[in-house]
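From a predicted model like this one, the values you see are computed outputs, not experimental measurements. Order of the sequence lines sets the chain letters (A, B, ...), proteins ahead of strands, with each chain counted from 1. Both backbone and side-chain heavy atoms feed into the values below; hydrogens, waters and symmetry mates do not.
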Amino acid sequence: MVSEKVRVRFAPSPTGYLHIGSARTALFNWLFARRHGGVFVLRIEDTDEQRNKTEALAAIFEGLRWLGLDPDEGPEQGGDYGPYFQSERGPTYAAATAQLKRSEGIYPCFCTKERLAQRRAQRGAGGDASWHYDGHCRALPAAEAAARVAAGEPHTWRLKIPRPGATSFNDLIHGPTTVDHADVEDLILLRADGTPTYNFAVVIDDHLMAITHVIRGQDHLTNTFKQVLIYEALGWTIPAMGHISLILAPPPHTGKLSKRHGGAEIKEYQDKGYDPDGFVTWLAMIGWSFGKDEEKEPIPREELIANFDLANAGKANARMNPSKLDAISGRHFRAAPPAEFARKIDPYLRAAGFAPERLPAGDGALALIAECAQPRIDYLAQAPEVVRWAFEDPAPEPDSVKALAETEGAAAFLEAYAEDLPLEFTAPEDLEAHARGFTTTRALKFGAFAKAVRAALTGSLRSPPLFHCACLLGRDETVRRLKHAARIAAGGKA
RNA sequence: GGCCCCAUCGUCUAGUCCGGUUAGGACGCAGGGCUCUCAUCCCUGAAGCAGGAGUUCAAAUCUCCUUGGGGUCACCA
């Protein structure tokens, strides 16, 4: 553990989507691997037969790709410790199974599912809701058990847990953790059909894949005791174990975040166009911190890696805070080079039917829109709303109509401004310079003038910078909206 | 319910291990500044150690109890 190469793994089962909690587990493993120059392994736990396996796999691969969590070994990249699909690892379980049978670390159990279910139900009704296997078959004489196995009687194999006893391990995050064996049952390792159960398979997989650190969610804490017992029965070195806190659902809900709460799937965030780096930062900040004061600048991935330490991971579960994600993502976008930001919003504009080049501003439109959107959005899907008024004839908001009617002399100066406009709409700055001149000449207050013009052009009292709006609209449309507004200001109905 | 884990502003957290701070930061919220509006950006503010015992000159920090939250109890993973 001291000098050997760090190997961690992310082992999701293909459920059809990548859960935020899973993504965070993947992130912590990835950060840990990168921080220690180790290897990040992706293993797919697909033994539970899935329906749309291909699709479910794609969700995992795509999610990891979007987050930038590239595995060093896995189904796509291969490696020396394959196969990386648990469903293909069947043959690798034989040796461990044989070893346990030989050492009598496991024993055959002939109890039927029905008997077990019945016993459980009985105890549950009585008052003790938990029922542990009573060791019925463990008490069978060895000769009898062997004979029944030889006779082909259906049976599972259970782990022979030392009794009395206790098991403890030193959790990377929680420290020493102990459980009394009285509270752990002789769990089934091999099903009646000979296949290994989850806890057994995980131990063998992790061991054969030379995993040095198991970092996973706290929901696995109780499994860990069972797995440690299996490692001990096998005489294998136990990897370091660390259990990170869970993500709880946002306010109205209780319990851990699940699919039904919404916002639990990575794809939702990808589709809405959150900044992946910002998303990763947000994810990392849930239940983990630098150990120093948070900065107000975007945090580069390298810094996340350089500062990553499980010692700074919190023990307590964390409720997720979506508005903080917005803030961080927006911050990342604001720090992006304008051209890059423009490229990013383009597809979202098109998806809304707002192809930039359709605007009179033509080729320059996208850059102009980007300037408007960059300080105003936190995720890309918000971009179209920033410029909707440019693509659609706006239905004027009531307060903008009111402003038109109440601004003194609006009808006149709107009309005059339309006539006075420069022939060429070049840059917003030029239009502003002209407008400043126009208002000075006519002794108009610039603020009042701008308010009316804004209402005229966008149908709203709140908009991107006025002359960006005008440039986007082009001269003809600007004139048209100005004159239309002048009529409203004069008292005529739209 | 048994077992396991946990507990600092509304939320995420620093501080806890090696007791002594005006208990720090971020998001959100409130106010102000900048400004053609909105937004960005900048400044300021309100807001917290779950409760109770104990140890100590001194407790957010150590111990115990209570309360509260979470997880887990399958021939699922």
>> Can you confirm whether A:Lys402 is buried at NZ, in the sense that more than 12 heavy atoms of other residues, nucleotides or ligands lie under 6.0 Å from that atom?
In response: no
>> List the residues meeting ring-ring contact (aromatic ring centres under 6.0 Å, His included) with A:Phe391, not counting sequence neighbours, and say none if there are none.
In response: A:Phe354
> Checking all strands, does A:Ser289 fall into the base, sugar-phosphate, or nothing category for heavy-atom contacts under 4.0 angstrom?
Replying inline: sugar-phosphate
>> Show me the pairs that pass side-chain hydrogen bond (donor to acceptor under 3.5 Å, both in side chains) and involve residues 450-459 of chain A, at least two apart or across chains.
In response: A:Arg454-A:Ser463
>> Under 4.0 Å, heavy atom to any atom of RNA chain B: which of residues 273-282 of chain A qualify?
In response: none
> Can you name the ring-ring contact (aromatic ring centres under 6.0 Å, His included) partners of A:Phe225, sequence neighbours left out?
Replying inline: A:Phe169
> Who passes side chain to side chain donor-acceptor pair (under 3.5 Å) against A:Arg442, sequence neighbours left out?
Replying inline: none
> Is there a side-chain polar atom (N or O) of A:Arg331 under 4.0 Å from OP1 or OP2 of B:C27?
Replying inline: yes
> For residues 162-179 of chain A, which residue pairs qualify under side-chain hydrogen bond (donor to acceptor under 3.5 Å, both in side chains), counting only residues two or more places apart or in two chains?
Replying inline: A:Arg163-A:Asp186, A:Thr167-A:His181, A:Asp171-A:His243, A:His174-A:Gln218
> Could you write nucleotides 42-52 of chain B as a row of B, S and -, 5' to 3', where a protein heavy atom under 4.0 Å of any base atom gives B, of only sugar-phosphate atoms gives S, and otherwise -?
Replying inline: -----------
>> Partner lookup for B:G10, please. Criteria are Watson-Crick or G-U wobble with both distances under 3.5 angstrom; report none if nothing qualifies.
In response: B:C27
> Closest to the A:Arg334 side chain: B:U40, B:C6, B:C75?
Replying inline: B:U40
>> Is there a side-chain contact between A:Thr222 and the phosphate of B:C73, meaning an N or O under 4.0 Å from OP1 or OP2?
In response: no
>> Restricting to ring-ring contact (aromatic ring centres under 6.0 Å, His included), what partner residues turn up for A:His155, sequence neighbours left out?
In response: A:Phe110, A:Trp157
Pairwise N/O distances under 3.5 Å, protein to nucleotides 32-36 of chain B:
unit_1, atom_1, unit_2, atom_2, d
B:C36, OP1, A:Arg436, NH2, 2.4
B:C36, O2', A:Arg454, NH2, 3.2
B:C36, O2, A:Arg454, NH2, 2.4
B:C36, N3, A:Leu466, N, 3.3

>> Can you list everything that forms a ring-ring contact (aromatic ring centres under 6.0 Å, His included) with A:Phe333? Sequence neighbours excluded, please.
In response: A:Phe341
Donor-acceptor contacts, no H, no angles, side chain residues 432-439 of chain A, under 3.5 Å, sequence neighbours left out:
unit_1, atom_1, unit_2, atom_2, d
A:Glu432, OE2, A:Arg436, NE, 3.2
A:Glu432, OE2, A:Arg436, NH2, 2.8
A:His434, NE2, A:Asp420, O, 3.0
A:His434, NE2, A:Asp420, OD2, 2.9
A:Thr439, OG1, A:Ala435, O, 3.1
A:Thr439, OG1, A:Arg436, O, 2.9

>> So if I define the base as every atom that isn't primed, P, OP1 or OP2, how would nucleotides 7-12 of chain B read as a B/S/- string at a heavy-atom cutoff under 4.0 Å?
In response: S---BB
